[in-house]
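Read the structure below first, then the notes.
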Amino acid sequence: MCGIVGFSGKNNASEILINSLKKLEYRGYDSAGIAVFEGGNIRIEKSKGRLADLEAKLSTVGEPNGTCGIGHTRWATHGEPSDVNSHPHSTARIAIVHNGIIENYKVLKEFLIEQGRSFQSETDTEVIVQMLDHYYTGNPISAIVQTLRELTGSFALGILFADFPDTIFAIRRESPLIVGVGENASYIASDVPAILQYTKDYYLLEHNEIAVLSPYGTSIYDMHYKKLDKELKTADFDMEAAEKQGFAHFMLKEIHEQPTAVKTTITPCIENGLPNFEGMDFSKYKKLFIVACGTAYYAGVVGKYVIEKLAKIPVDVDIASEFRYREPLVGADDLVIIISQSGETADSLASLRLAKKLGACTLAIINVKGSSIAREADLLLYTHAGPEIAVASTKAYIVQISVMYLLAFQLALVNDKITENECTEYVKLLQTTPEIIEKMLENKEAVQYVSSSLVNTESLFYIGRGLDYALSLEGSLKLKEISYIHSESYGAGELKHGPISLITRDMPVVAIATQTMLFDKTISNIKEVRARGAKVIIVCKEKTEIDADVADYVLYIPDLQNDLLNPMLTVIPLQLLAYYTSVLKGNDVDQPRNLAKSVTVE
Ligand code: AGP
């Protein structure tokens with residue numbers, strides 16, 4: 001997601017646009033730009049990099065001198081972060097900034113090229129401004145309405161027409177957009193934080209509504225140019241709270257963003273009900289290596305289980321800091337998959353370079369566009385979780401495992417291990433998970449209650465078998481990194497080989513038991529720890545009968561009727577358990593001690 005702003009009034013537009021964009025950098029920060037009316041013309045200044053890089057450029061070239069303009073901070077979706085792909089995009093007569101995704105931009109681009117138009121960038125946004133120009137014959141509203149009728153997808157737009165100086169035209173469809181109202185000033189913004197420093201009063205644009213901000217005032221119309229009488233709202237929270245959209249922490253906000261993140265990530269990888277990775281065929285590789293760090297590594301562990309189970313292809317999963325030094329037996333027949341949210345993790349980048357040196361093909365699964373690993377990998381699959389601000393990774397993990405599933409489905413299909421119908425069913429089941437997660441997030445209280453039992457804990461175990469073991473790894477990391485409670489994950493069957501000696505009275509054990517095939521064995525392991533005084537929190541499928549002598553607390557997940565995809569749901573209570581425990585301990589949930597969001601050093 002990107003951030004868009006606009007200002008029309010009597011003060012220095014450049015300064016207001018930059019200050020407003022600073023409040024939206026949490027929405028995206030790989031490039032930025034402004035367009036300001038200066039001396040009757042539209043002047044655009046934009047650059048790759050963070051807002052600070054744009055400010056540095058403006059201090060060199062001089063900022064545009066005007067009282068009306070638009071601005072943008074980008075989270076790249078179409079086209080890598082670069083000067084030419086940054087917004088605003090323009091023609092000789094029109095400039096726009098855009099937040100959202102135009103789904104039919106390719107078809108429209110072909111049409112415009114046939115009309116003799118040329119393009120500078122790889123973005124879908126440039127298609128919009130060219131469409132506006134195509135329809136523009138002197139009436140901005142007419143050009144806008146005709147263009148809107150052609151676009152499919154989500155967007156919020158800020159538009160300047162050179163023939164209408166000091167006037168901003170703004171439109172919303174899906175992507176949020178507000179119109180701020182100040183003293184002799186009006187604003188547009190993707191989110192309230194951008195305008196709070198100037199005004200708390202704003203109109204909320206609804207879908208297909210058009211706002212016109214001019215020196216003579218602000219009006220809002222529908223698609224038939226009927227003037228609308230909108231309710232003026234007043235923000236009742238401060239700037240910092242606004243950036244979290246009312247959530248107490250970025251981590252909780254990002255947990256809630258997971259349904260959208262999964263949908264946005266898997267949809268482009270599904271065509272006609274089957275996995276389609278832009279034509280990339282991974283079936284020719286004899287062995288897969290999945291290499292990553294931390295949570296990304298744990299997503300890889302899920303990948304190993306599901307790919308080997310479905311596609312019957314051998315998968316090694318390595319912690320990057322080990323892979324890069326253990327002289328791995330990697331060769332030209334192998335595919336090395338690097339998973340990384342930031343795309344900047346030093347050990348993962350070094351592992352990528354080693355794999356390429358050893359002659360393997362490399363596939364990067366990355367969340368940040370244009371990051372180092374994304375640029376150096378042979379093949380590239382982006383996840384679309386949006387910016388992940390909290391150090392503890394949540395939405396990045398779930399989109400990583402959703403890609404693991406699609407990869408497993410495709411490999412199983414092309415290797416004739418499952419039929420096309422079975423593959424379609426698996427894909428359909430994956431596509432149901434966002435809505436199910438949405439419902440799970442409506443009932444967070446059960447987890448919040450259980451977390452109160454962990455607040456004074458010094459040490460605890462997470463245990464599970466199979467995919468439940470893979471989730472116990474991620475659950476344990478989530479808890480330890482933000483609650484600072486010592487937590488270890490063990491395969492439930494491993495306890496007897498030593499760890500069970502650590503069990504003391506009332507020591508919590510989080511037992512994950514969602515895999516029907518392994519349920520009885522996990523229950524046996526739970527009884528072993530309970531017999532030694534452990535306090536058991538079990539995570540299992542709804543309607544599972546749990547005897548009182550097995551668990552002290554039960555956290556249920558909906559039953560997908562296919563255990564293979566349970567990880568998509570199991571991770572939700574584990575994330576919330578860590579989150580609420582950290583909150584109850586009064587820790588800095590988003591910026592836990594000793595940690596950084598991206599470990600760019602060894
Ligand atoms: C997870 O909550 C941590 N923030 C950390 O383990 C993280 O997953 C790891 O550093 C890998 O980061 P990356 O995905 O950006 O490579």
Side-chain angles (χ1 to χ4, degrees), residues 29-30 249-255 257-258 261 265 290-303 317-324 336-353 355 362-377 380-404 462 470-485 487 489 571-572 574-579 581-582 587-602:
Y29 38 70
D30 57 48
H249 300 95
F250 277 111
M251 182 178 177
L252 188 59
K253 171 171 169 279
E254 288 154 13
I255 288 172
E257 287 175 341
Q258 291 184 119
T265 294
I290 301 177
V291 184
C293 299
T295 284
Y297 167 72
Y298 296 142
V301 175
V302 172
V317 189
D318 273 85
I319 296 169
S321 53
E322 289 299 307
F323 179 85
R324 64 182 293 192
V336 176
I337 302 171
I338 306 289
I339 304 176
S340 175
Q341 188 285 130
S342 64
E344 299 297 347
T345 300
D347 286 321
S348 303
L349 178 58
S351 298
L352 170 79
R353 290 168 176 166
T362 56
L363 164 65
I365 298 174
I366 305 294
N367 196 47
V368 178
K369 301 290 182 299
S371 52
S372 302
I373 295 173
R375 286 199 307 273
E376 295 191 26
L380 178 55
L381 270 179
Y382 277 127
T383 54
H384 300 287
E388 189 174 65
I389 308 300
V391 165
S393 188
T394 50
K395 60 180 183 174
Y397 172 83
I398 204 166
V399 298
Q400 287 162 357
I401 65 172
S402 65
V403 171
M404 290 290 107
Y462 280 71
L471 271 285
S472 76
L473 291 163
E474 171 58 11
S476 175
L477 174 65
K478 270 305 79 63
L479 184 93
K480 73 179 84 172
E481 68 176 323
I482 62 175
S483 74
Y484 314 149
I485 296 172
S487 165
S489 158
V571 73
I572 302 303
L574 300 179
Q575 292 169 342
L576 292 169
L577 192 60
Y579 171 75
T581 303
S582 178
N587 293 351
D588 182 343
V589 174
D590 288 331
Q591 304 289 340
R593 68 186 184 200
N594 310 337
L595 294 177
K597 183 58 189 170
S598 179
V599 182
T600 55
V601 294
E602 269 202 69

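Remember, it's 1-based here, ligands and their atoms both numbered in the order they're listed. The figures here come from the full heavy-atom set of this structure, side chains too, leaving out hydrogens, waters and symmetry mates.
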[X] side chain to [Y] side chain, donor-acceptor N/O pair below 3.5 angstrom:
X	Y	result
S487	K478	no
E344	S371	no
T394	Q258	no

| query | Has ligand 1 got any nitrogen or oxygen that is less than 3.5 angstrom from a nitrogen or oxygen of S393? | reply |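 Checking ligand 1 against S393, an N or O pair does fall under 3.5 Å apart.
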
| query | Should V391 be counted as touching ligand 1, given the test is an N or O pair under 3.5 Å? | reply | yes

Closest approach of any protein heavy atom to [atom], naming residue and atom:
atom	result
atom 15 (O) of ligand 1	S342 OG, 2.7 Å
atom 3 (C) of ligand 1	E481 OE1, 3.6 Å
atom 12 (O) of ligand 1	T345 OG1, 3.5 Å
atom 10 (O) of ligand 1	V599 CG2, 4.0 Å
atom 14 (O) of ligand 1	Q341 N, 2.7 Å
atom 11 (C) of ligand 1	C293 O, 3.4 Å

| message | At less than 4.0 angstrom from any non-hydrogen atom of G294, what atoms of ligand 1 do you find? | response |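 Selected atoms, number and element: 6 (O).
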
| By number and element, which atoms of ligand 1 are closer than 4.0 Å to a non-hydrogen atom of A296? |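 Checking each atom against A296, I get 8 (O), 14 (O).
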
| said: Taking only non-hydrogen atoms of K478, do any sit less than 4.0 angstrom from ligand 1? | reply: yes

| request: Examine the proximity of ligand 1 to T295 and report which part, side chain or backbone, both or neither, has a heavy atom under 4.0 Å away. | output: both

| Is a salt bridge present between R353 and E376, judged by a nitrogen-to-oxygen distance below 4.0 Å? | yes

| query | Donor-acceptor pair, E388 side chain versus A396 backbone, under 3.5 Å? | reply | yes

| message | Could you go through I389 and K253, starting from their C-alpha distance and side-chain angles, then the distance that decides it, and tell me whether this counts as side-chain contact (heavy atoms from CB on, under 4.5 Å)? | response | CA-CA 10 Å; I389 308 300; K253 171 171 169 279; 5.9 Å; no

